[in-house]
Amino acid sequence: VTGISPKVLYLGDDPRTLVFLGPPFLKAAVPDYSVRFAGHALAKCGTSDKESPKNGESCFRPVSTTVGGSQNGQIAFTLEGDKFQSDFAGKQSVSLVANGAESAEQELFVVDAARTTPRNYAIGVTAALGLLIYLLLRTGGKTMQTKSDRRSYLVRAFFMDEATQTYSLSKCQFYAWTVAAILGYIFLAVARSIIQGSAAFPDIPGGLPAILMYSAGTSVPATGITSAKGSKGAGEVHPTLADFITSVGVVAPERLQFVVWTVAGIFAFLTIVFKSDPLTLSDLPKIPDGFMQLMGISSAGYLAGKLARKPGPVIAALAVAKVTPAKEPLGNYQPPASSTANGEAPSTVLRLGLQGQGLSPNASVKVDSTPLRADQ
């Protein structure tokens with residue numbers, strides 16, 4: 001015997017097949033092959049292929065050559081038993097015995113957990129952390145929703161830019177990489193502890209702190225630029241996903257590039273992590289230096305775009321300044337002739353006061369998305 005396949009048996013593998021590999025003169029026709037685990041003979045599963053193991057005991061069953069199992073150079077067995085994974089969990093030495101002669105021992109890992117266990121733990125723990133943060137915000141009286149025109153928008157506390165009522169790209173990018181880092185680290189920790197049986201605390205992979213630093217280094221300066229220079233303006237009435245790639249309703253190239261590289265980087269990182277073999281995983285994939293440079297360039301372009309664009313109008317407060325009932329003097333205000341009836345003043349004049357940033361006395365005004373004329 002020169003090797004075995006597979007070298008790892010996970011919980012849930014069905015069928016649980018073990019193949020001994022060797023040269024062509026390892027004949028499949030030998031009738032009395034048997035399997036030894038850690039120097040001890042493994043019981044055979046009855047005399048019939050349909051006979052189940054007694055009392056769920058661990059045993060082996062030869063795979064007949066008629067079903068495409070064993071052939072010269074490949075001797076196949078199914079390993080059965082309800083407690084097989086727990087009975088032989090860990091690193092085991094296995095060998096093939098024929099006519100009393102035992103082959104060289106091969107190394108087999110038996111894992112009492114499914115191959116998807118690290119991924120399931122990563123997703124579950126991350127979801128639990130999200131729920132915990134939600135409950136903490138609820139306990140602190142913070143709202144996770146904002147309602148406008150009888151519509152509800154979730155995760156306001158995370159993504160919403162209150163000044164413009166739009167979704168913030170810098171916040172979203174920071175949270176996205178944070179979630180990706182948590183998913184990857186929990187996957188690594190579970191793979192090292194549950195699958196590999198290691199009690200060592202897994203180290204943070206190289207490059208991941210730098211990615212988080214880039215994300216935080218983008219979010220914080222973006223907030224400072226907005227505070228010093230002024231907001232980009234609100235754009236649409238209701239926040240939409242288009243806010244991530246537009247500025248005041250117009251597609252901004254640097255924001256689009258920032259989104260594309262963020263999505264591509266997170267997708268590549270998590271794909272490599274979740275496709276990794278949990279038994280051999282020793283570290284998370286290192287973020288390449290070239291990608292780090294692209295992230296830095298993309299972040300710089302995003303911040304430069306915020307600096308280059310002029311601030312937009314933001315209404316911070318709207319209040320009724322004065323209501324002039326009928327027959328009362330209107331002060332210095334003279335209503336346009338088109339707003340009077342038979343030369344008389346209108347019955348009521350409503351004065352509104354707007355406060356905010358980037359407001360111009362010559363700006364146009366919309367009410368319910370309808371522009372007001374000058375005589376209105």
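Both backbone and side-chain heavy atoms feed into the values below; hydrogens, waters and symmetry mates do not. Starting from 1, each residue takes its place in the sequence as its number.
- With hydrogens and angles ignored, the 3.5 Å screen pairs no side-chain donor or acceptor of Thr370 with any backbone N or O of Lys366.
- Ring geometry, Phe291 versus Trp261: the interplanar angle exceeds 60°, so the pair is classed perpendicular (tilted spans 30 to 60°).
- Counting heavy atoms from C-beta outward, Leu9 and Val111 have side chains that stay 4.5 Å or more apart.
- Hydrophobic cluster of Val19: the remaining members, joined at side-chain heavy-atom separations below 4.5 Å, are Leu21, listed by chain and number.
- Salt bridge Glu107/Lys7: absent, no basic N to carboxylate O contact under 4.0 Å.
- Under a 3.5 Å cut-off, the side chain of Ser86 and the backbone N or O of Lys83 do form a donor-acceptor pair.
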query = Going through the checks in order, is the side chain to side chain contact (heavy atoms under 4.5 Å, CB included) test met by Asp82 and Phe84?
reply = CA-CA 6 Å; Asp82 297 336; Phe84 181 87; over 6 Å; no
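- Residues Leu96 and Phe77 have side chains in contact (heavy-atom distance under 4.5 Å, counting atoms from C-beta outward).
- Test Leu183, Leu188, Leu284 against Val273 for side-chain contact (heavy atoms from CB on, under 4.5 Å) and you get one pass: Leu284.
- Residues Leu42 and Val94 form no side-chain contact, since every pair of their non-hydrogen atoms from C-beta on lies 4.5 Å or further apart.
- Proximity of Lys44 to Phe60: side-chain heavy atoms (C-beta onward) are separated by under 4.5 Å at one or more points.
- The closest side-chain heavy-atom distance from Ser360 to Asn362 is below 4.5 Å.
- Hydrophobic clustering, with ILVMFWY side chains joined whenever heavy atoms are under 4.5 angstrom apart, keeps Ile186 apart from Ile123.
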request  = Kindly determine whether Asp283 and Asp203 satisfy side chain to side chain contact (heavy atoms under 4.5 Å, CB included), including the steps that lead there.
outcome  = CA-CA 8 Å; Asp283 197 1; Asp203 196 8; 6.0 Å; no
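- With sequence neighbours left out, the side chain to side chain donor-acceptor pair (under 3.5 Å) criterion links Gln106 to no other residue.
- Remark: Asp87 engages Ser58 in a side chain to side chain donor-acceptor pair (under 3.5 Å) (not counting sequence neighbours).
- The neighbour count for Tyr121 OH, taken as heavy atoms of other residues, nucleotides or ligands under 6.0 Å away, does not exceed 12.
- Counting heavy atoms from C-beta on, the side chains of Val97 and Val35 never come closer than 4.5 Å.
- Between Phe88 and Phe37, the ring planes are tilted. Angles from 30° to 60° get that label.
- In this structure, Ile266 and Trp177 have side chains that are in contact, with non-hydrogen atoms separated by less than 4.5 Å.
- Linking Ile, Leu, Val, Met, Phe, Trp and Tyr whenever their side-chain heavy atoms come within less than 4.5 Å puts Phe174 and Ile133 in one cluster.
- Side-chain contact check for Ile182 versus Leu129: some heavy-atom pair is nearer than 4.5 Å.
- With hydrogens and angles disregarded, a donor-acceptor distance shorter than 3.5 Å links the side chain of Thr262 to the backbone of Phe258.
- Judged by distance alone, the side chains of Thr78 and Glu80 do bring a donor and an acceptor atom under 3.5 Å apart.
- We find that Glu102 and Arg36 are joined by a salt bridge, their nearest charged nitrogen and carboxylate oxygen being less than 4.0 Å apart.
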